[in-house]
Amino acid sequence: MELFQYMEKYDYEQVLFCQDKESGLKAIIVIHDTTLGPALGGTRMWMYNSEEEALEDALRLARGMTYKNAAAGLNLGGGKTVIIGDPRKDKNEAMFRAFGRFIQGLNGRYITAEDVGTTVADMDIIYQETDYVTGISPEFGSSGNPSPATAYGVYRGMKAAAKEAFGSDSLEGKVVAVQGVGNVAYHLCRHLHEEGAKLIVTDINKEAVARAVEEFGAKAVDPNDIYGVECDIFAPCALGGIINDQTIPQLKAKVIAGSANNQLKEPRHGDMIHEMGIVYAPDYVINAGGVINVADELYGYNRERAMKKIEQIYDNIEKVFAIAKRDNIPTYVAADRMAEERIETMRKARSQFLQNGHHILSRCRAR
Ligand SMILES: NC(=O)C1=CN([C@@H]2O[C@H](COP(=O)(O)OP(=O)(O)OC[C@H]3O[C@@H](n4cnc5c(N)ncnc54)[C@H](O)[C@@H]3O)[C@@H](O)[C@H]2O)C=CC1
Ligand SMILES: CC(C)CC(=O)C(=O)O
């Protein structure tokens with residue numbers, strides 16, 4: 001990849017490669033856009049096959065956060081980190097301390113949180129080195145693990161998508177196929193089970209599957225079979241790129257609504273599902289519950305206030321569907337339009353000069 005060419009094409013601000021030999025830290029922090037405020041996005045730890053693959057993931061995820069934060073109405077820009085390594089084997093305290101120091105060096109331009117492969121305990125270690133971390137333990141006045149909040153937002157957004165597809169937002173009796181039953185999807189399955197939905201689940205982790213089968217009466221299928229199962233709703237809750245040339249022909253669902261980031265492998269796959277009449281709830285709009293929850297920490301965390309905002313994901317998804325209908329475009333394009341309009345409006349609103357704490361006249365600065 002020609003990095004600068006790619007950065008120019010999608011308007012990335014900054015890419016930071018962080019290395020610490022002693023702890024084995026190899027991290028890539030990407031700040032995509034800070035028009036709306038500091039870049040906030042989680043840290044993913046994953047066993048990437050190559051540095052190129054890690055960089056591509058970080059770049060895509062960071063840009064997704066710009067759109068997610070804008071569409072959710074947050075005064076935050078977009079960024080993300082990936083750490084190269086196996087979260088089950090390669091973590092150590094020094095690694096997250098070193099990483100925390102790199103974040104502190106950015107002086108608030110980037111704020112982190114959990115993502116796939118990182119936990120509240122990891123964030124607590126990072127917190128020892130930097131203020132710019134959210135989703136730490138509640139005893140520090142923080143919001144804790146963002147996954148239940150993300151799950152609640154996905155549940156609300158799924159109801160809005162069901163209303164669009166089936167004429168009612170009730171999920172009772174609906175068959176939902178869930179791919180990946182990790183941190184977010186476990187809580188999502190709980191909401192769905194409580195409402196009377198029927199669950200089909202898969203995961204590469206057998207224990208995660210067994211828990212969903214036991215607690216929610218879910219039916220388990222092999223990971224490769226989840227795309228083609230008979231269901232009303234497909235909920236991708238594992239990794240990205242799963243709506244692609246191979247999986248689309250298998251899909252039987254009328255709705256796609258799940259927590260995974262970057263679900264469409266390429267934009268054209270969004271066009272394909274649109275043409276098939278599938279109602280797609282754009283990933284970064286429906287999965288914003290976690291970031292809305294951690295962002296509330298910037299004001300002094302208040303769970304009630306955060307949950308009220310997460311409820312509104314239902315309305316945000318409806319707004320996206322309305323734009324898509326108005327402009328006769330696929331929902332993923334409508335979501336981009338909604339996010340981009342907000343960023344542009346705010347960019348213009350902020351174009352006037354504002355003296356930011358420092359007096360511009362040197363004789364006044366001295367006082
Ligand atoms: N945790 C959060 O608050 C948020 C998570 N997301 C996204 O939601 C997705 C899930 O996140 P978490 O639940 O936090 O991660 P997680 O790591 O707890 O869960 C992901 C699950 O997917 C499984 N998985 C991985 N590859 C799979 C495959 N090919 N087939 C079936 N299962 C597979 C894993 O074994 C794991 O159980 C990710 O894409 C993440 O970026 C988005 C917004 C917020
Ligand atoms: C997990 C969130 C707190 C932030 C994030 O990285 C996301 O929404 O993908």
Side-chain angles (χ1 to χ4, degrees), residues 29-30 32 39-47 57-58 60-69 71-72 74 76 78-82 86-88 110-120 122-123 133-136 142-154 157 177-189 200-212 220-227 234-242 244 246-247 257-263 282-298 306 310 313:
I29 302 174
V30 178
H32 174 247
L40 197 157
T43 295
R44 175 173 294 193
M45 186 165 183
W46 195 249
M47 305 141 286
D57 205 26
R60 279 199 79 190
L61 289 164
R63 183 160 173 260
M65 289 307 302
T66 298
Y67 281 78
K68 185 182 306 197
N69 293 337
L74 300 172
L76 290 166
K80 199 96 173 187
T81 300
V82 304
D86 185 340
R88 286 162 306 181
Y110 170 66
I111 304 169
T112 201
E114 292 87 346
D115 190 52
V116 173
T118 58
T119 63
V120 174
D122 302 329
M123 297 305 127
V133 53
T134 54
I136 57 178
S142 165
S143 59
N145 183 353
S147 303
T150 302
Y152 185 59
V154 173
V178 184
Q179 180 185 43
V181 266
N183 287 321
V184 174
Y186 170 75
H187 295 281
L188 173 64
C189 286
I200 302 175
V201 301
T202 195
D203 201 293
I204 49 174
N205 175 349
K206 289 196 169 50
E207 284 162 25
V209 171
R211 184 167 68 155
V221 296
D222 284 339
N224 288 332
D225 296 338
I226 195 74
Y227 306 103
F234 174 47
C237 298
L239 298 183
I242 39 66
N244 57 45
Q246 283 71 44
T247 60
S259 76
N261 279 308
N262 297 336
Q263 292 171 23
D283 45 15
Y284 63 74
V285 182
I286 197 170
N287 73 12
V291 78
I292 293 171
N293 202 46
V294 300
D296 198 79
E297 291 183 28
L298 305 183
I310 293 166
I313 287 177

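Hydrogens, waters and symmetry mates are skipped; everything else that's a heavy atom, side chains included, is used. Order of appearance sets the numbers: ligands from 1, and atoms from 1 within every ligand. Just so we're clear, the structure is a prediction, and the values are computed from it rather than from any experiment.
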Inset, instruction - Considering the heavy atoms of Asp115, write down every atom of ligand 1 situated less than 4.0 Å from one of them. - result: 40 (C), 41 (O)

Inset, instruction - With Val181 as reference, evaluate Thr202, Asp203, Asn205, Leu188 under the side-chain contact (heavy atoms from CB on, under 4.5 Å) test and give the passing residue. - result: Asp203

Legend entry - Least distance between heavy atoms, Ala260 atom then Ala238 atom: CB-O, 3.8 Å

Legend entry - Proximal atoms of ligand 1 relative to Ala260 (non-hydrogen, under 4.0 Å): 8 (O), 9 (C), 39 (O)

Inset, instruction - Would you check if Ile292 and Ile313 make a side-chain contact, meaning some heavy-atom pair closer than 4.5 Å? - result: yes

Legend entry - Candidates Asp57, Thr118, Thr81 - the one meeting side-chain contact (heavy atoms from CB on, under 4.5 Å) with Arg44: Asp57

Inset, instruction - With rounding to the nearest 0.5 Å, note down the distance linking CD in Gln179 to CD in Gln263. - result: 9.0 Å

Inset, instruction - Please check if the side chain of Thr247 supplies one atom and the backbone of Tyr227 the other of a donor-acceptor pair under 3.5 Å. - result: no

Inset, instruction - Could you find the nearest protein heavy atom to atom 15 (O) of ligand 1 and give me its residue, atom name and distance? - result: Val116 CG2, 3.5 Å

Inset, instruction - Please examine the side chains of Trp46 and Val82, heavy atoms only from C-beta on, and report whether any two atoms are closer than 4.5 Å. - result: no

Inset, instruction - Using atom types as modelled and distance alone, determine if a side-chain donor or acceptor of Asp296 lies under 3.5 Å from a backbone N or O of Asn293. - result: no

Legend entry - Identity and distance of the protein heavy atom lying nearest atom 19 (O) of ligand 1: Gly182 CA, 3.3 Å

Inset, instruction - Run the contact test for Ser147 against ligand 1 with a 4.0 Å cut-off on heavy atoms, strictly below, and give the result. - result: yes

Inset, instruction - Please say whether Asn261 places an N or O atom under 3.5 Å from an N or O atom belonging to ligand 1. - result: yes

Inset, instruction - Identify, by atom number and element, the atoms of ligand 1 in contact range of Pro146, meaning under 4.0 Å from any of its heavy atoms. - result: 3 (O)

Legend entry - Side chain Tyr110, main chain Gly41, donor-acceptor under 3.5 Å: yes

Inset, instruction - Consider every N or O of Ala238 and every N or O of ligand 1, then say whether any pair is closer than 3.5 Å. - result: yes

Inset, instruction - Compute the shortest N/O to N/O distance between Thr202 and ligand 1 and return yes if it is under 3.5 Å, no if not. - result: no

Inset, instruction - Output yes when a side-chain donor or acceptor of Ser259 lies under 3.5 Å from a complementary backbone atom of Asn287, and no otherwise. - result: no

List of N/O pairs, ligand 2 versus protein, all under 3.5 Å?
{"residue": "ligand 2", "atom": "6 (O)", "partner": "Gly42", "partner atom": "N", "Å": "2.7"}
{"residue": "ligand 2", "atom": "6 (O)", "partner": "Lys80", "partner atom": "NZ", "Å": "2.6"}
{"residue": "ligand 2", "atom": "8 (O)", "partner": "Lys68", "partner atom": "NZ", "Å": "2.7"}
{"residue": "ligand 2", "atom": "9 (O)", "partner": "Lys68", "partner atom": "NZ", "Å": "3.0"}
{"residue": "ligand 2", "atom": "9 (O)", "partner": "Lys80", "partner atom": "NZ", "Å": "2.8"}
{"residue": "ligand 2", "atom": "9 (O)", "partner": "Asn261", "partner atom": "ND2", "Å": "3.1"}

Legend entry - Heavy-atom pair of closest approach, residues Ser143 and Glu297: OG-OE2, 2.6 Å

Inset, instruction - Would you check if the side chain of Asn145 reaches a backbone N or O of Ser147 as a donor-acceptor pair within less than 3.5 Å? - result: yes

Inset, instruction - Would you check the N or O atoms of Asn287, main chain and side chain alike, for any that come under 3.5 Å of an N or O of ligand 1? - result: no

Inset, instruction - Looking only at protein heavy atoms, identify the closest one to atom 20 (C) of ligand 1 and say how far it is in Å. - result: Cys237 O, 3.9 Å

Inset, instruction - Name the closest protein heavy atom to atom 5 (C) of ligand 1, giving the residue it belongs to and the distance to 0.1 Å. - result: Val184 CG2, 3.7 Å

Legend entry - Residue pair Met123 / Glu114, side-chain heavy-atom distance below 4.5 Å: yes

Inset, instruction - If you have a sec, work out which protein heavy atom is nearest atom 25 (C) of ligand 1 and how many Å separate them, to one decimal? - result: Ile204 CD1, 3.7 Å

Legend entry - Non-hydrogen side-chain atoms of Leu74 and Leu40 separated by less than 4.5 Å: no

Inset, instruction - Closest by any non-hydrogen atom to atom 34 (C) of ligand 1: pick that one out of Asp203, Val181, Thr150, Asn262. - result: Asp203

Legend entry - Proximity of Glu114 to ligand 1 by residue part, where a heavy atom lies under 4.0 Å: neither

Inset, instruction - May I ask you to check whether Ser259 has an N/O atom sitting below 3.5 Å from an N/O atom of ligand 1? - result: yes

Inset, instruction - Examine Asn183 against ligand 1 and note whether any of their N/O atoms are separated by less than 3.5 Å. - result: yes

Inset, instruction - Find out whether Asp283 and Asn261 are in side-chain contact, i.e. whether some heavy atom of one side chain is under 4.5 Å from a heavy atom of the other. - result: no

Inset, instruction - Say whether Pro223, considering both its backbone and side-chain N or O atoms, lies within less than 3.5 Å of an N or O atom on ligand 1. - result: no

Inset, instruction - Report, in ascending order of atom number, the atoms of ligand 1 lying under 4.0 Å from any heavy atom of Lys68. - result: 43 (C)

